[in-house]
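In what follows, a structure is listed as structure tokens, so that the remarks can point back to it.
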Amino acid sequence: MKRVLTTALFFILFGYLALVFFANRGLYFSRFDPVYWKDRYEHSQWKLPQSERGIGDDGLYLYQGYLLTKGADPTLLNAEVPPLGKYAIGASVVLFGNGYAYGFLTTTAAMVVFFFLAKLLLGRVLPAVVVTLLVATDPLLTNQFALTMLESIQLLFFLLTALFVALCLRSSGKRIPVTYTLFAGISFGLFSATKFPLWSPLIGGTIILLLWRKTRSFLPVILFFAAVCVSYATAYLQYFRLGHAIVDWLAIQKWMVSFYTHANLVANVGSMATTMLSGVSQNLFSRSWQPAAVWSPSWSLLFLVFPFFTVGMWKTFRDDTAGRLVLAAWVAAVLLLNVIPFWTRYLVLFLPFFYLAAVWLFKTAKRATPVLVAFLLLANAWASLQLLFPTPQASVSQFVYDWRHGFFQDMYEQIAPEDAVGVSRKEFHRFGQQVFYDAQIEGATIDVVRPATSRFQSPQPVALRITYVTRNLGTFAQETTLPVVSVDGRWRIGWRWKFLMDGLDEFSLIQTSVTHAKRGSIIAPDQTVLAQDKDSLLVSVIPEEVNTTKEEEMLKFLEGVFDQNVAAV
């Protein structure tokens, strides 16, 4: 019976991975366009701090990863983040033509490693596949399958580190295999080279204490530390190839620490706990409390059972110093996560171990175990399916934002492929900007009157009310219905130029004529004109640019230019 159940769960797990790939197929088969991303990056807040054409971390790492594959200096591209993860994203661009394959490959690899780690810790295949299925269906992990972010590869190397350290500790006697020690060091060095190594001192110190306690020898500690240093420095190989010395590299590491210690970010204390319990977190910048973009009801249960797991394991490890050391490090990490500047994505490293703790604790419940596992699985599936098959709301909001600011090059990336046939992004952008210029449009307000709410209906209409503000003609408004279509799992806009302005098409030419009214003349009784409209020129002089020794000469020159008919100087 258990074998049949295990096989069925494996099929469900593989089927879920296939569903994730199907839902994101539009991203996985898209093509990376370096021209567009260069333009997007160079006009973003990273280059122009006041820019309204923002770019998220995923877009930033995507483009910078591409630059790194072209031989760029990694310390000139957001040096506060180590480059390994960006190199991996760039490698995905080179190998597959887009960076999104990176997300699927690293997250899937992390799930495979997690299964073997869970099997090693739980002792059996059935609970291992159960906890792996729970982690894979978690919405935060599901989200990683299609993101060019650094959390997925960081998780992969962390799980590899945990697996090799566990194998070291499981070896018989006081000797541990050199291979496991070196692999643990290499994995941990790569883990530290993917993001700022905030957790590395705590994790590394714990591993060193475990190795020392196991062997009472400095040799495995030295091997581990050497492997960590070599693998971490390997991420900067191109930096050394460009002629930089070790001293320069050490200065970069010092600067990285200084960057984060002087970042002026006020920690949202306790936000990790509130996020897991209720799905509400405090924004780091606005300080307002808001719903987390990704959340599952299962997180509440995971957080509530964590104290019981901690107490139970502490008693279990009564005669196991190594076990208590690992448990203490885990509790310290959870507490630290509650007092640092927190984003929900930081939970990617922690959630797999919360699920491990829950499954271990559920085993003691016996009859209630299937019910508890089913609750976690259904809660995760409900939250993840909403991410895999979203409504068009986010796509429409982004399109409307770009429309309102005249970012036609970004609008082009969101229109349906059949509407882009025969017109390049450059032409699309030029025409849209020309319309705004010719119509003297200086601002726009676009309200969604009737949003699109279906996850599967395609096409579906979105009613908009548009108000344009012009330079000389005041405001004018129009209403339109924007069609939204699903193309390979991605919501795209069925675009026509008439949506921009009534009656407009790609062959239209807009002309704005402004005739300024004339004021009346004031005439004396003897018919002498006292005041009238008259064309004139205004000459302004910048005081700081005037040569004071030649001021009289300048005034005489101006009088000569205007035939001494100067109203005022």
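Heavy-atom basis, side chains included; hydrogens, waters and symmetry copies ignored. Residue indices begin at 1 and follow the sequence shown.
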Given side chains that start at C-beta, do those of [X] and [Y] come closer than 4.5 Å, heavy atoms only?
| X | Y | result |
| --- | --- | --- |
| Ile153 | Ile89 | no |
| Met149 | Thr106 | no |
| Gln238 | Leu68 | no |
| Phe342 | Val269 | no |
| Leu190 | Thr161 | no |
| Ser152 | Val348 | no |
| Phe104 | Tyr100 | no |
| Trp382 | Pro297 | yes |

Under a 3.5 Å distance rule, please check whether [X] uses its side chain to pair with a backbone N or O of [Y] as donor and acceptor.
| X | Y | value |
| --- | --- | --- |
| Thr142 | Ala136 | yes |
| Thr369 | Phe362 | yes |
| Thr274 | Ser271 | yes |
| Asn268 | Gln282 | yes |
| Asn338 | Val334 | yes |
| Asn283 | Ser286 | yes |
| Lys214 | Ser171 | yes |
| Asn143 | Leu387 | no |
| Ser384 | Ala381 | no |
| Asn98 | Ser30 | yes |

Looking at every non-hydrogen atom in both residues, tell me the closest pair between [X] and [Y] and how far apart they are.
| X | Y | result |
| --- | --- | --- |
| Phe303 | Ala273 | CZ-CB, 3.7 Å |
| Leu349 | Leu155 | CD2-CA, 3.8 Å |
| Ala72 | Leu77 | CB-CD1, 3.9 Å |
| Ala358 | Leu302 | CB-CD2, 3.6 Å |
| Ala193 | Ala235 | CB-CB, 3.9 Å |
| Lys47 | Glu42 | CB-O, 3.4 Å |

What do you reckon, is [atom1] of [X] surrounded by more than 12 foreign heavy atoms closer than 6.0 Å?
| X | atom1 | value |
| --- | --- | --- |
| Phe375 | CZ | yes |
| Tyr180 | OH | no |
| Phe350 | CZ | yes |

Determine which pairs satisfy side-chain hydrogen bond (donor to acceptor under 3.5 Å, both in side chains) with at least one residue from [range], sequence neighbours left out, and list them in order.
| range | answer |
| --- | --- |
| residues 240-249 | Asp73-His244 |
| residues 317-326 | none |
| residues 340-358 | Asp57-Arg345, Asp138-Tyr355, Glu151-Arg345, Ser298-Tyr355, Tyr355-Asn380 |
| residues 107-136 | none |

For Phe306, which of Phe354, Trp360, Trp299 qualifies under ring pair (Phe, Tyr, Trp, His ring centres under 6.0 Å)? Phe354

Hey, what's the ring geometry for [X] with [Y], parallel, tilted or perpendicular (30° and 60° as the breaks)?
| X | Y | answer |
| --- | --- | --- |
| Tyr239 | Tyr236 | perpendicular |
| Trp330 | Phe353 | tilted |
| Phe164 | Phe183 | tilted |
| Tyr66 | Phe32 | tilted |

Checking Leu27 against Asp488 for the side chain to side chain contact (heavy atoms under 4.5 Å, CB included) test, could you report, in this order, the C-alpha distance in whole Å, the side-chain angles of both residues, the deciding distance, and whether it holds? CA-CA 8 Å; Leu27 287 175; Asp488 293 332; over 6 Å; no

Looking at Val165, Thr215, Leu219, which one forms a side-chain contact (heavy atoms from CB on, under 4.5 Å) with Ile176? Thr215

For Phe115, which of Val135, Val129, Leu133, Val131 qualifies under side-chain contact (heavy atoms from CB on, under 4.5 Å)? Val129

Under the criterion side chain to side chain contact (heavy atoms under 4.5 Å, CB included), I'd like the reasoning laid out for Phe309 against Met313: C-alpha separation, chi angles, the key distance, then a yes or no. CA-CA 6 Å; Phe309 165 80; Met313 291 301 291; 3.2 Å; yes

Stepwise side chain to side chain contact (heavy atoms under 4.5 Å, CB included) check, Val125 with Phe10: CA-CA 10 Å; Val125 174; Phe10 268 119; 4.0 Å; yes

Is the centre of the Phe145 ring less than 6.0 Å from the centre of the Tyr16 ring? no

Under 6.0 Å between ring centres, would you say that holds for Tyr61 and Tyr102? no

Is it possible for you to check whether Arg25 lies under 6.0 Å from the centre of the six-membered ring of Phe22, through NZ or CZ, and within 45° of that ring's axis? yes

Applying ring-ring contact (aromatic ring centres under 6.0 Å, His included), which residue pairs with at least one partner in residues 204-223 are found, sequence neighbours left out? Trp212-Phe218

Dump the intermediate steps for side chain to side chain contact (heavy atoms under 4.5 Å, CB included) on Trp37 and Ile55, then the final yes or no. CA-CA 10 Å; Trp37 283 104; Ile55 186 174; 3.9 Å; yes

Salt bridge check, Asp33 against Arg40: does any charged N sit closer than 4.0 Å to a carboxylate O? no

Only distances under 3.5 Å count here; give the side-chain donor-acceptor pairs of residues 196-211 to other protein atoms, sequence neighbours excluded, each with its distance to 0.1 Å.
residue, atom, partner, partner atom, Å
Ser200, OG, Ser192, OG, 2.7
Thr206, OG1, Leu202, O, 2.8

